[in-house]
Protein chains: 2
Amino acid sequence: MDIERRSGCPINLTMEVLGDRWSLVVIRDIMFGNRRHFRELLNRSEEGIASNILAARLKRLVSLDLITKLDDPTHAQKAIYSLTEPAIQLVPMIAMIGAWGRRHLPVSEDLSIRAELLENGGPALWDDFMNDLRNIHIVDPIGGANGSVRSPVLINLTNAFLEVRARMQRKE
Amino acid sequence: MDIERRSGCPINLTMEVLGDRWSLVVIRDIMFGNRRHFRELLNRSEEGIASNILAARLKRLVSLDLITKLDDPTHAQKAIYSLTEPAIQLVPMIAMIGAWGRRHLPVSEDLSIRAELLENGGPALWDDFMNDLRNIHIVDPIGGANGSVRSPVLINLTNAFLEVRARMQRKE
DNA sequence: GCAACCAGTTGCAAATTGCAATTAGATGGA
DNA sequence: TCCATCTAATTGCAATTTGCAACTGGTTGC
């Protein structure tokens, strides 16, 4: 798949690549939820993506070299989806997107704690996170997918999220 | 106009607001090109937006409180479009989007010089720019639109762009 | 052997997009 | 006054994209 290239403007080109309602949400789930299989992305999606849309987006993101698709050695028709280096470098942009959304849109407390931590951590945390992501998506995508290799930053973000959600559920 | 709110995730919500091929391109032209009238946005668009799409996006962005529409005192059916504070606070996010696009997509030299300067300037430049934008969009939108009030940062960015473009045209 | 699980695909209706033509009012100059 | 031009759109129409539900062909675990 190729982009249209309506112009050579970096903002325009980025919107040609990521400017739809689903692509960045799928990347977010792979990146922050470490969802590496089709079923995980489909069934555990907060937004309820449809299977045909997910399939189309994954195929498109593979062809744009933002994710890779790898055979899962433990299961013949399972695939492992992993982020590529360009997608990992989206971290600072995604941090800013989360920061803006948190300030100006009706977010929920549990789903915005990770954006808050990422914003407060600043470039130092983003770099740590990007290095972790390289380990579980590029260096060892299989180990990253089955949990034998983990990201310390991701563990912290996930724990914070689970704590906030547990606290919210206790209160109602 | 309301957003759908598929979930309370800040990334999802931001994509619900800005996740289409045109909204951020229109905001970019208002912000960096200081295009404040419908005709300027339509005719001087690098990407060739269609008039119905532009009209729909402007209406949607007004209803989302990202831009305001004001009567132009010099012409009864001319309108002045201005950024609101939430849109001005998109500057850091747009800087990151431009930085990523410049690194990973087939940008042209002239249209990416502003993204480069904005990235190199860092948060200090972004804050200066945001203060300038407040002056020409919120404090005095009419003066900002007719050029009697100007943004120093925008003048620098625009001059850099014009210089690169002039240099490119000389070479071919 | 069989139920559950896997990654999708297919069919179809609805919504959105993009292009070209058109509109109604405002303005400027002869 | 007349008329060309400018303004911010709107309309009609074809093509594309989206979203939902059902289905497929194969694999795995018991």
Side-chain angles (χ1 to χ4, degrees), chain A residues 1-7 12 15-26 29-30 35-63 67-82 142 145-146, chain B residues 1-7 12 15-26 29-30 35-63 67-82 142 145-146:
Chain A
M1 174 135 2
D2 255 359
I3 57 178
E4 211 177 314
R5 204 161 188 282
R6 304 181 295 195
S7 84
N12 167 63
M15 291 320 282
E16 287 192 38
V17 169
L18 299 172
D20 70 88
R21 304 175 96 58
W22 289 112
S23 294
L24 203 63
V25 167
V26 170
D29 281 350
I30 300 176
R35 290 183 204 149
R36 308 291 288 274
H37 302 293
F38 189 93
R39 276 299 134 175
E40 288 178 327
L41 288 162
L42 184 68
N43 295 334
R44 301 177 52 205
S45 159
E46 284 285 336
E47 291 83 14
I49 192 170
S51 62
N52 59 339
I53 307 284
L54 176 59
R57 284 303 174 284
L58 288 171
K59 190 174 284 187
R60 182 168 180 273
L61 291 172
V62 166
S63 81
I67 62 179
T68 57
K69 184 180 175 176
L70 186 72
D71 286 340
D72 187 327
T74 71
H75 191 302
Q77 88 254 57
K78 234 166 158 173
I80 297 173
Y81 294 97
S82 305
I142 295 173
N146 69 26
Chain B
M1 173 135 2
D2 254 359
I3 56 179
E4 210 178 312
R5 206 163 186 282
R6 303 180 297 193
S7 83
N12 167 63
M15 292 320 281
E16 287 193 37
V17 168
L18 298 173
D20 70 87
R21 305 178 96 57
W22 288 112
S23 293
L24 203 62
V25 167
V26 170
D29 281 349
I30 300 176
R35 295 194 195 138
R36 308 292 289 273
H37 302 292
F38 189 92
R39 276 298 136 176
E40 289 178 325
L41 289 163
L42 185 68
N43 295 334
R44 301 177 55 205
S45 159
E46 285 284 337
E47 290 83 15
I49 191 170
S51 63
N52 60 338
I53 306 285
L54 175 59
R57 286 303 175 284
L58 289 171
K59 190 175 283 184
R60 181 167 181 274
L61 290 172
V62 167
S63 80
I67 62 177
T68 56
K69 184 179 174 176
L70 186 71
D71 287 339
D72 187 328
T74 72
H75 190 302
Q77 88 259 51
K78 230 166 162 175
I80 297 173
Y81 294 97
S82 304
I142 294 173
N146 69 26

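Quick caveat, the model's predicted, so the values are computed rather than measured. Each chain gets a letter, A, B and so on, in the order the sequences are listed, and its residues count up from 1.
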Provide the full list of salt bridge (Lys or Arg N to Asp or Glu O under 4.0 Å) pairs with a residue in residues 39-56 of chain B, sequence neighbours left out, each pair given once.
R28(B)-E47(B)
Could you check how far CD1 of I49(A) sits from C1' of dA7(C), rounded to whole Å?
14 Å
Using the test side-chain hydrogen bond (donor to acceptor under 3.5 Å, both in side chains), find all partners of S82(B) that sit at least two apart in sequence or belong to another chain.
R36(B)
Nucleic acid contacts - residues 17-26 of chain A versus DNA chain C, non-hydrogen atoms under 4.0 Å
none
Between dT17(C), dG12(D), dC20(D), which nucleotide gets closest to the side-chain atoms of N52(A)?
dC20(D)
Could you check how far CD of E4(B) sits from P of dA14(C), rounded to whole Å?
17 Å
From CG of L58(A) across to C1' of dT9(C) the rounded distance in Å is 14 Å
With B for base contact, S for sugar-phosphate-only contact and - for none (protein heavy atoms under 4.0 Å), nucleotides 22-30 of chain D reads B--BBSS--
What is the separation between atom CD on E47(A) and atom P on dC20(D), rounded to the nearest whole Å?
13 Å
note: E16(B), atom CD; dT16(C), atom P; distance rounded to Å ~ 13 Å
Under the side chain to side chain contact (heavy atoms under 4.5 Å, CB included) test, residues paired with A76(B) that sit two or more places apart:
none
Sorted by chain and number, sequence neighbours left out, side chain to side chain contact (heavy atoms under 4.5 Å, CB included) with A56(A) holds for none
d(NZ, K69(B); P, dT7(D)) in whole Å:
15 Å
Taking the side chain as everything from C-beta on, heavy atoms only, tell me whether F38(B) gets closer than 4.5 Å to L41(B).
no
Donor-acceptor contacts under 3.5 Å from residues 67-74 of chain A side chains, at least two apart:
unit_1: D72(A); atom_1: OD1; unit_2: T74(A); atom_2: N; d: 2.9
unit_1: D72(A); atom_1: OD1; unit_2: T74(A); atom_2: OG1; d: 2.9

Sorted by number, the residues of residues 35-43 of chain B with heavy-atom contact under 4.0 Å to DNA chain C
none
Among residues at least two apart in sequence or on other chains, which ones pass side-chain hydrogen bond (donor to acceptor under 3.5 Å, both in side chains) with N12(A)?
R6(A), S7(A), E16(A)
M15(B) CE to dT18(D) C1', straight-line distance once rounded to whole Å
16 Å
Listed partners of Q77(B) passing side-chain hydrogen bond (donor to acceptor under 3.5 Å, both in side chains), at least two apart:
H75(B)
Please find the pair of heavy atoms, one from D20(B) and one from S23(B), that lie closest to each other, and give the distance.
OD2-OG, 2.5 Å
Using side chain to side chain contact (heavy atoms under 4.5 Å, CB included) as the criterion, list what pairs up with S63(A), not counting sequence neighbours.
M1(A)
Taking only the side-chain nitrogens and oxygens of K78(B), find out if one of them lies under 4.0 Å from OP1 or OP2 of dA9(D).
no
Residue list, side-chain hydrogen bond (donor to acceptor under 3.5 Å, both in side chains) with N146(A), at least two apart or on another chain:
S148(A)
Name the nucleic acid region contacted by R57(B), choosing base, sugar-phosphate or nothing; use a 4.0 angstrom heavy-atom cut-off, strictly under.
sugar-phosphate
Within this structure, what is the CG-to-C1' distance between L54(A) and dA21(D), rounded to whole angstrom?
16 Å
